[in-house]
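Each remark here refers to the structure printed beneath this line.
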Amino acid sequence: MFSGLKDKVGEVLLPGDEFSLETEDTISLTERVKPEKVVCGPGLRRSGDRLLVCKSGVLRHKQPNMFWMDSQQRRYVPAKGETIIGIVTVKSGDVFKVDFGGSEQASLSYLAFEGATKRNRPNVQVGDLVFSQFVVANRDMEPELVCVDSSGRANGMGVFGGGGLLFTVSLGLARRLLSPHSEVLSDLQTLFPCELVVGMNGRLWVRSSSVQQTLVIANLLQSCDTMTAPQRQELFRRAAQGAL
Amino acid sequence: MMEVCGSSNVTLREFGSEQSLLSRPDGSASFIQGDTSVLAAAYGPAEVKVSKEIYDRATLEVLIQPKVGLPGVRERAQEQCVRETCEASLLLSLHPRSSLTLILQLIHDDGSLLSCFLNAACVALMDAGLPMSRLFCGVTCAIDADGQIITDPTAAQEKESRALMTFAIDATERRVMMSSTRGSFSVHELQQCIAVSQKASEKIFQFYRDSVRRRYSKTL
């Protein structure tokens with residue numbers, strides 16, 4: 001199965017494509033036969049002794065044995081450990097309800113902020129933007145968010161957002177912006193200086209020195225989603241020259 | 001897979017599809033078979049009303065909008081066929097207490113309407129990134145007065161036929177997932193139509209693969 005999967009890395013696969021466990025025809029008598037372990041990422045599921053593709057996309061591989069489907073999607077499904085931008089909708093007692101664009105609202109405890117105690121409550125109002133990460137996110141339970149990391153420090157998370165603009169893009173673009181050595185980010189740095197917060201739920205927040213520049217950056221990011229690299233660099237070049 | 005007796009070339013009208021053409025839904029597709037044209041939009045997994053939520057799987061809702069007027073009994077029957085096929089192929093247990101909505105808008109009807117709805121639904125669900133265990137397609141067969149089997153009939157051919165059958169065929173084993181028939185036909189004719197539909201589905205699945213490949217070719 002490992003060799004079958006490796007052959008298809010980089011190819012476009014459809015839901016329903018299967019990889020079955022193939023036993024080798026010749027088994028070596030002298031070497032020990034090691035059981036091969038394959039780690040399935042998003043888009044791949046195990047059904048019995050087969051591996052089933054459940055989303056259409058490109059098969060990707062990371063050493064030593066991780067495989068996943070790289071697909072284009074707009075709707076976010078929460079996963080533990082991912083950082084997102086949420087909007088506080090309800091403040092009830094000890095818990096805030098945060099909307100992050102998923103199938104239900106996540107809960108954020110008021111104690112999950114840096115330096116928050118029962119006497120020292122954080123200053124969070126309904127309608128505020130929070131940058132937080134999921135600590136509980138599976139299909140059976142209500143998702144839970146926190147604004148501290150495991151050692152109790154904020155680490156960039158918490159309430160933010162005066163004077164900026166929040167907009168949505170596809171999940172793929174958000175992931176591309178967050179990947180190391182991101183091309184989109186380096187192209188963006190050639191334009192005006194700005195503050196950018198990227199949520200893995202496809203929400204971006206931008207603030208620049210003037211409202212016009214903020215709007216230009218927001219429009220550029222929304223439109224460069226479906227462009228190839230040369231088209232995007234051309235678009236950014238035109239924006240930098242002031243043509244847009 | 002059954003044997004096809006008689007002529008083995010199956011003719012389908014020219015078909016085409018486009019993905020991600022609408023900006024608001026999570027997934028959208030248009031599917032055109034000859035002159036029949038349908039637009040599909042998929043939303044999900046999204047919030048669900050407490051009265052409609054199911055504790056261990058997603059709630060799938062299919063809405064068919066006709067070209068003029070409000071949906072009637074005919075649209076409700078077609079919705080049920082599409083919904084049953086989609087529920088059999090989606091992995092609903094991955095999103096309990098969520099709702100998946102599929103809206104199918106009729107643009108033009110020139111025969112083979114239910115199979116066009118099924119094809120558009122499958123492409124829209126794939127485009128939305130909803131987890132599916134298998135793909136499906138729809139094929140319509142008509143038996144005319146002489147007993148000839150016509151695949152993908154036009155509206156005029158449907159009107160003159162003595163039997164009309166639509167099958168939803170799955171991609172992995174080419175089995176029939178859903179069938180909707182009207183008219184009178186013998187058991188042998190039914191089996192022949194199923195065999196012909198299974199053969200025709202291969203072209204449609206190859207087309208799905210090519211269109212998804214073209215869509216991802218920019219990022220490769």
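All values below come from the heavy atoms of this structure, side chains included, with hydrogens, waters and symmetry mates left out. Proteins come first, then strands; the chains are lettered A, B, ... in the order of their sequence lines, and each starts at number 1.
Proximity of B/Arg134 to A/Leu14: side-chain heavy atoms (C-beta onward) are nowhere separated by under 4.5 Å. Side chains of A/Lys55 and B/Met132 form no contact here, defined as non-hydrogen atoms less than 4.5 Å apart. The side-chain heavy atoms of B/Tyr216 and A/Ser56, taken from C-beta on, include a pair separated by under 4.5 Å. By the 4.5 Å heavy-atom criterion applied to side chains, A/Glu104 and B/Val48 are not counted as neighbours. A 4.5 Å side-chain heavy-atom check between B/Leu94 and A/Arg45 finds at least one atom pair inside the cut-off.
Of the listed residues (B/Pro131, B/Ala46, B/Gly27, B/Ala58), the one with the most heavy-atom contacts under 4.5 Å to chain A is B/Ala46. Looking only at heavy-atom pairs under 4.5 Å with chain A, the residue among B/Asp170, B/Val212, B/Leu125 that has the most is B/Val212. With chain B as partner, the option from A/Ser103, A/Ala229, A/Ser47, A/Gly16 having the largest number of non-hydrogen pairs under 4.5 angstrom is A/Ser103. When the candidates B/His95, B/Glu47, B/Met126 are compared by the number of heavy-atom contacts under 4.5 Å with chain A, B/Glu47 comes out ahead.
Close approach to chain B, defined as a heavy atom under 4.5 Å from one of its heavy atoms, is seen in no residue of residues 78-95 of chain A. Using non-hydrogen atoms only and a strict 4.5 Å limit, the part of residues 130-141 of chain A facing chain B consists of A/Arg139, A/Asp140, A/Met141.
The CG atom of A/Leu52 sits 7.0 Å away from atom CG of B/Leu91, with the distance rounded to the nearest 0.5 Å. Going from atom OG of B/Ser23 over to atom CZ of A/Arg74 covers 7.0 Å, rounded to the nearest 0.5 Å. Rounding to the nearest 0.5 Å gives a distance of 10.0 Å between CD of A/Gln73 and CG of B/Asp127. The OG atom of A/Ser170 sits 11.5 Å away from the CG atom of B/Asp26 when rounded to the nearest 0.5 Å.
Within a 6.0 Å sphere centred on CD of A/Glu142, other residues, nucleotides and ligands contribute more than 12 heavy atoms. The environment of B/Arg182 atom CZ is dense: over 12 non-hydrogen atoms of other residues, nucleotides or ligands sit within 6.0 angstrom.
Proximity to chain A is limited to the side chain of B/Thr172, based on heavy atoms less than 4.5 angstrom apart. At a 4.5 Å heavy-atom cutoff, the contact between A/Val77 and chain B is made by side-chain atoms alone.
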